[in-house]
There are 2 protein chains.
Amino acid sequence: MIQKQIIVNGVPHNIFVDQDTSLAKVLREQLHLLGTKVGCGEGHCGACNVIIDGKLTRSCIVKMKRLQENAKILTIEGIGTPANLHTIQKAWIKHGGAQCGYCTPGFIVSAKALLDENPNPSRDDVRNWFQKNRNVCRCTGYIHLIDAVVEAAKVLKGDIPADSLDYKLPADGHIWGIDSKYPRPTAVGKVTGTLKYGGDLSLELPPDRLCLVLVQATVSHANIKSIDVSEAEKMPGVAKVITHKDVKGNNRINGLAFPTNKGDGKDRPILCDTKVFQYGDAIAIVAAATEAEGKAAAAKVKVDLEPLPPYLSVPAAKAPDALEIHPGTPNVYYTQKHKKGEDTKPIFDRPDVVIAEDTIITSRTPHMPLEADCAFGYINDEGEVIVHSKSIGVHLHQLMIMEGVGAKKLHIVCNPMGGTFGYKFSPTNEALVAVSVMATSRPCYLVFDYHQQMQYTGKRSPFYGTVRLAADKSGKLLGMETDYDIDHGPYSEFGDLLTLRGVQFMGAAYDIPNIRGEGRAVCTNHAWGSAFRGYGGTQAQLISEIVADELAAKLNMDPWEFRYKNVHRPGTTNPSGQVLDSYSYVEMMEAIKPKYEAALKKAKAESTATHKKGVGLACGSYGCGLDGPDSSNAYVELHPDSTITVCTAWEDHGQGADMGAVGTAHQALRPMNVSPERLKFTWADTRNPVSGPAGGSRSQVMTGGAIKAACENMLAGLKKADGTYYTYKEAVDAGVAVKYDGTFSVPGVPIDENAIGKPFMVYMYGVCLSEVTVELATGKTVVDKVTFNVDIGKVNNRLIVDGQLYGGVAQAIGLALREDFEDIQKHKTMLAGGIPYALDIPDNIEINYFEYPREFGPFGASGVGEIPLCVPHPSILNAIYNATGARVKRIPANPERVLAALKEKD
Amino acid sequence: MIQKQIIVNGVPHNIFVDQDTSLAKVLREQLHLLGTKVGCGEGHCGACNVIIDGKLTRSCIVKMKRLQENAKILTIEGIGTPANLHTIQKAWIKHGGAQCGYCTPGFIVSAKALLDENPNPSRDDVRNWFQKNRNVCRCTGYIHLIDAVVEAAKVLKGDIPADSLDYKLPADGHIWGIDSKYPRPTAVGKVTGTLKYGGDLSLELPPDRLCLVLVQATVSHANIKSIDVSEAEKMPGVAKVITHKDVKGNNRINGLAFPTNKGDGKDRPILCDTKVFQYGDAIAIVAAATEAEGKAAAAKVKVDLEPLPPYLSVPAAKAPDALEIHPGTPNVYYTQKHKKGEDTKPIFDRPDVVIAEDTIITSRTPHMPLEADCAFGYINDEGEVIVHSKSIGVHLHQLMIMEGVGAKKLHIVCNPMGGTFGYKFSPTNEALVAVSVMATSRPCYLVFDYHQQMQYTGKRSPFYGTVRLAADKSGKLLGMETDYDIDHGPYSEFGDLLTLRGVQFMGAAYDIPNIRGEGRAVCTNHAWGSAFRGYGGTQAQLISEIVADELAAKLNMDPWEFRYKNVHRPGTTNPSGQVLDSYSYVEMMEAIKPKYEAALKKAKAESTATHKKGVGLACGSYGCGLDGPDSSNAYVELHPDSTITVCTAWEDHGQGADMGAVGTAHQALRPMNVSPERLKFTWADTRNPVSGPAGGSRSQVMTGGAIKAACENMLAGLKKADGTYYTYKEAVDAGVAVKYDGTFSVPGVPIDENAIGKPFMVYMYGVCLSEVTVELATGKTVVDKVTFNVDIGKVNNRLIVDGQLYGGVAQAIGLALREDFEDIQKHKTMLAGGIPYALDIPDNIEINYFEYPREFGPFGASGVGEIPLCVPHPSILNAIYNATGARVKRIPANPERVLAALKEKD
């Protein structure tokens, strides 16, 4: 240990530190300045940015010994506070810069350093600065961050007045609608670093908290012969070493398998007992006073394994000699048939049809939220096990883990989350924390490092998919045949659901009267499959949109013409045989046409011998909801201080549940003239009304609907005879209720064995145009521009939907070109996982809204989160083809794959 | 555990707490808002004040379950920051409101609550508010705090401009002198709560820190038969249970005994081995992950004791059948003879002399700093044991504990301290922490609760003292005889020194040509004796000033007349036979005369049948330094950023070492024209130059002298031929040194066996007039006014010396009337210990400076800290007598004792 004096935010601190400790750790764990976040922990993401003696620095990679005596450190806490926001923070709020908010302190510190150095930066200067300093934002797609910095600079220079950054409520007081940039309720907490995330709250637990350190498998498949914790339990600081023997329940996550699943869905152990199924599987948990003690003890746990062959791909797991990964359940454990219309074989056999067919492999995409997985738990004074995590399905996860952990009463609560993008649709750490809390009777926390985040949370499962499309000579689609396997990793939870999504969204944009297909969920030993924005639709539509392009080529039709001819028009039905809730494709296609043509011209003109430019199109859709019937619940409650709680279990993982809830309630309560600050969002909790998970873009529709219903009940209940509304006191005095429930459900029809039904009553639609440049020598592809026409119904709040769409497009670019988790060792970092940096995302992204109101959406709204992961990425793949004539058939279309395709073509 | 949402300083926090935990603990240990201090921990002192939903609240006694959901809490961190001070904080700085600073956040929060409620308070309103809300300040005497609140209110109301609170450097740039109210360098950190004290820094140690919990004796005297830690060591969270067997050295504090001491001074065990010597003695230390775990384990340590009779007073310990508390050393272990001038027996036998004699017992006074004792330690990367504590003698304590703990290299460093008033002249926890650090190789901290502070730190030792004074009929003193025992508790460290102080200061104000006396240090089983402001002079002069008053009465002289006749005049010598360094008594006496006479008149006029008013006088002095020769060292160093380190080991326990060092250096460097902000004070550290302890009012003289010398060397070294001075760069380029040492020593002469010599080369002098009201029915005494004329040489900084003097007078009032630690169980709290609250101290305190420059003081300065504990308290006792005719002969003169004296008189 050493002593050092440092000046933090102008305050001198004498600190006593291990000189090899990082500054970030010292700031957070010793000085408790929790605004400085740790993302990757290895200097790849900038969440931990601070300014040291005037220089922007990633504090996670600065060891204390490198700090000069009396170093002056500026953290987010020194830039501005909720009561006294810095101009940059105000600009960040105005431009919706904070979505999940986890990168926000690091970005604002970075922007401060930039503006200190260059008070008048161009957009390129800002982007280059963020690139150079490795500031990663996974939510926004960067554009609005650059907007914020540029506008903050103008205010700081005095070019524009300071109050241009303030939100101004319109005269009529509304905050709902496409013109509304009302800032989300959590914005101030995010830009000031005062909103506490799971890892922050873990450090605020009472002093008797225990740090959980996992003993994890370092092989992908093995039998467990023995686990010996005796030595580990004697290590200093260890409260307990927990194994499957300490689990009071059946030690299995309940994957809620479909009845037609060949497994029972209870194949995932909480703590491995008989087998290791994938790299990183948790075998034991050390609960210790400190992380260092936990790690030292974890190293002493002896696990005797009998290695088994690891099946890391669909072909390997399907090989005839492959063992059953879960003995008793075949590795191909679920099959989804698809039959719509006539049998397709006669159609494909017709001599006058034009057929295209291709097989595409999608990536095992890592979600790469800035915040690694984290959770904590405790036993409350009622004896209930309480787990706080990044769950985006609190009631779902409660159901999935209760029996496994063996708790009589267990609740799951959402922390503010630094992004999930869907991986937390699966429980990750909840059961581990619950088991530890129950075994130790003490508060416990489990914070993953980024390698654990990469290697031991679910991923988007790869599809090995073949699509055949048949059209008549005019280009009218006649039929589709599909066949695909999904590498779902070792755990079956939602593997059946994902397989179903394949048939629901392959070719979904088009009127295809006749479809036959089959998808299969396959068990492997690679990373388990979990939801990711666009779940299934992402993979399905990549395959079908590539084949659609190929069919257009075979037809000698322009891809736009081919698509325009086939997109849905009133009366046509989607792959589930359902009429659409919005026939907006034609308008969106027509609107994109001139842009498409101009882009083609431009690409042709600007292509050189070394750099080829190209233009690609794609269409697509995604459903909002769970399959078939869906419902949600909420209540609103008026309080003595005139605030109104909008209580749901709408999980906020950065997408904007806070604003969704408040915006919807505000619109619904307009007759009562409630100012927006009076509406209080609640963090999701299983003790709140059951709202269903925040996935599948269902929440604005379903929980928004429930909120609207609750508000309508409140309006009816509080309305006085004279048309005005009771105050709290008046209501209580008059014996009138102040709390009103609301329920909303949609008349969905579950799909039948052939995948026909009404799985979603609300959909989102999109048409995307991408323009790319491919460097022939390297295969490196740059996306120059994306134009995305979307129909997400009526818009609740512009900042929120912009955030979802621009950010989603950025993720689609990453998905198309960069992101991968195939090599378990290599891809364990954010950088190697291919996270897009500022220069990987163009400044030129254009989102155009086509507001077709939805019957079942509150005030006509649909969802939004999935659609940008369903349409743009195929358009990029198609643009690469358009630029080069080379067809990349596996994503990411990284330089190696593009180069290989270029070679194959030649 | 429960979950609660609270809004702290405008920021919402979800917290997870044990509902029986105090809010203070949650704020500090979970939210790390360390500005909220914990003083007494039981609601007696207000250091932990916060505002909850608008109401001032002592957070140490608010259990979390009592907090409303969404309670709004304002802490010092929410009031102002170093960069953005609140008006109250500015006023606090201007008026020198923060001395040790430990009570400051609680006071400022309290003042905020008051001004929120009453924007225009009178002085009485403020004082009553602080009384009602139990805000205790142990340093200032309250007056300047009231000044600050009243002026802040004026600024807040707009009655006076805001900048009236700002310090303005005079045109010539000086900050030295009686006109200077330059704020002390630590003021901003103190008023904002950002200066970290030992308990705060303990919470900022790395996560592997261990909390030390003591196993303490609950009897006062016993043989130890066995200590069994086996069960305790198995308790959760325990890293180690440490006993004397783990101590690597000789397990004894080295008390640095005088050669004539009958003991060797090595009688105090670090951890008890063979015997328990006093209540609270440390028998074992549990080093655990958390305090709760440490306490649980400490309860499992089994100590088998053989009880011995406890000797809790001098008579008990001197009884013929009393055991030797330290076998082999007599309980009366040190005797100090005093012989000045002629033998006194013939004088006292003369028929023409008037004699007064009395025996007075002084109190075992508890220091009651707001901050309980605390320390932490670690082993640094050089393998040295580093202990950070409230030591006010770092090099002294290094010497005292090194051999005992058995460390090869050990350093002691000062934390910012919430007051010591001298108790930390003795090591308390340093050896315990060092032993623990060495036994565990981990950072360890030990923070006492207030009961431990009261029961297990040193106290001012009671004197059982008889003084006989003889004067001729004209009132001229002819001789003095003294005889006293000191109950020094079980540990001899400095017991010999304290005994010496008795003979040095009994009758010290007067020209007494002939003195014979003897004092004895007695070992008892009550709390061990440690330094306290006025050390020895406090007790000695109480006894002799009472007897002086009695002699005046016998002479039928007015007490002023008697004193005026006998105070020193040029050429007379003090009890050590030394001519004075300043003959200011005559002027001070003459100056007080009209006030005294007016007071007498007023008292007579205002006395009623039930309430008697009276007026008392006292004179006194104290030395500045250690005995005999004394020296100190310092260096000053110019840095590239033009700052200059003023490096010493001048310990700052709130008295103002920061300002002492900076003010002295600034004055010495005036030719270089250094702005005060460039001068950087250093916290004391054994790696700094040896400056000697910060006790005995020696530091401004000795270390001030060393600083002056170092600065003069710097001036000489950096002066260029043209009369200007090198900058850092110029100096380095020219090969000129930038670091300059300075040493200062005084030509003291150690006292001889008869206590004759030149123990101090600089003294302080004072004359005090007190006016009291005694309620006859209850014996309750109120001090109405104190007028204190002091000669402390030239004043460095007015805020500092005012702070010492007003605060010292307040302590003298407490000493005279309230403070006690006689009943080990009853007196274990701040409240029961008699700490003075706001209404116990009059608003009417008048300090008058008589600036006689000192030959050996830098720029003529003397010390200041001890003098207010040497003079005012006898004047209060004399005033009680003057009011009632009843003589109280034991302090504190609490109502019971005054009543008893009234009865005895009747």
Side-chain angles (χ1 to χ4, degrees), chain A residues 1-3 9-19 21 25-26 29-34 65 70 78 81-84 188-189 192 194-196 201 203-209 211 236-237 239-240 288-293 376 378-381 386 388 413 415-416 440 442-443 641 683, chain B residues 1-3 9-19 21 25-26 29-34 65 70 78 81-84 188-189 192 194-196 201 203-209 211 236-237 239-240 288-293 376 378-381 386 388 413 415-416 440 442-443 641 683:
Chain A
M1 269 178 66
I2 54 171
Q3 177 182 2
N9 304 327
V11 177
H13 288 264
N14 259 314
I15 51 169
F16 306 92
V17 293
D18 181 322
Q19 59 168 336
T21 305
K25 213 171 161 69
V26 169
E29 298 183 13
Q30 296 187 226
L31 299 185
H32 204 84
L33 292 165
L34 300 174
K65 64 182 159 203
N70 287 312
T81 61
N84 190 22
V188 170
T192 54
T194 56
L195 183 72
K196 303 282 169 66
L201 292 169
L203 294 174
E204 293 187 346
L205 290 173
D208 66 334
R209 64 180 177 260
C211 177
K240 188 162 181 62
T290 67
E291 186 188 4
E293 288 169 322
F376 60 89
Y378 61 96
I379 296 175
N380 73 6
D381 287 359
I386 311 290
H388 285 248
V413 188
N415 291 324
T440 62
R442 283 169 64 175
D641 63 357
W683 296 94
Chain B
M1 269 178 65
I2 55 170
Q3 177 182 2
N9 303 327
V11 177
H13 288 264
N14 259 316
I15 51 168
F16 307 92
V17 293
D18 181 323
Q19 59 167 336
T21 305
K25 213 172 162 71
V26 169
E29 298 183 13
Q30 296 187 226
L31 300 185
H32 205 85
L33 292 165
L34 300 175
K65 64 182 159 201
N70 288 311
T81 62
N84 190 23
V188 169
T192 54
T194 57
L195 182 73
K196 304 281 169 66
L201 292 168
L203 294 175
E204 291 187 347
L205 290 173
D208 66 334
R209 64 181 178 261
C211 177
K240 189 162 179 63
T290 66
E291 188 190 3
E293 288 169 323
F376 60 90
Y378 60 96
I379 296 175
N380 74 6
D381 287 359
I386 311 290
H388 287 247
V413 189
N415 291 325
T440 62
R442 283 169 64 175
D641 64 357
W683 295 95

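Chain identifiers are assigned alphabetically (A, B, ...) following the order of the sequence lines, protein sequences preceding nucleic acid strands; residue numbering begins at 1 within each chain. Please read these numbers as outputs of a predicted model, since none were measured by experiment.
Residues Gln19(A) and Asp381(B) come closest through the heavy atom pair NE2-OD2, 2.7 Å. When every heavy atom of Gln30(B) is checked against every heavy atom of Leu205(A), the shortest pair comes out as NE2-C, 3.5 Å. Nearest heavy atoms, Val11(B) versus Pro82(A): CG2-CG, 3.7 Å. In terms of heavy atoms, Tyr378(A) sits closest to Ile2(B) at OH-C, 4.3 Å.
Within the 4.5 angstrom heavy-atom criterion, atoms from both the backbone and the side chain of Phe16(B) approach chain A. With a 4.5 angstrom heavy-atom cutoff, Leu33(B) does not touch chain A via any of its atoms. For a residue to count as touching a neighbouring chain, one of its non-hydrogen atoms must lie under 4.5 Å from one of that chain's; by this rule Leu203(A) touches chain B with the backbone only. For Gln3(B), the parts sitting under 4.5 Å from any heavy atom of chain A are the backbone and the side chain alike. Ile379(B) touches chain A through its backbone: at least one of N, CA, C or O sits under 4.5 Å from a heavy atom, while the side chain does not.
Contact tally against chain B (heavy-atom pairs below 4.5 Å) for Pro206(A), Ala289(A), Pro12(A): the top residue is Pro206(A). Interface summary for chain B: among Lys240(A), His13(A), Glu291(A), the most heavy-atom pairs under 4.5 angstrom belong to His13(A). For the set Ile15(B), Thr194(B), Leu195(B), the entry with the most heavy-atom pairs within less than 4.5 Å of chain A is Thr194(B). Annotation: maximal heavy-atom pairing with chain B below 4.5 Å, among Asp208(A), Thr290(A), Leu31(A), occurs at Leu31(A).
Listed by chain and residue number, His32(B) satisfy the ring-ring contact (aromatic ring centres under 6.0 Å, His included) test with His32(A) (two or more places apart in sequence, or in another chain). Annotation: salt bridge (charged side-chain N to carboxylate O under 4.0 Å, His left out) contacts of Arg442(A) (sequence neighbours excluded): Glu293(B).
Side chain of Asn380(A) to main chain of Met1(B): no donor-acceptor pair is present (N/O by atom type, distance under 3.5 Å, no hydrogens or angles).
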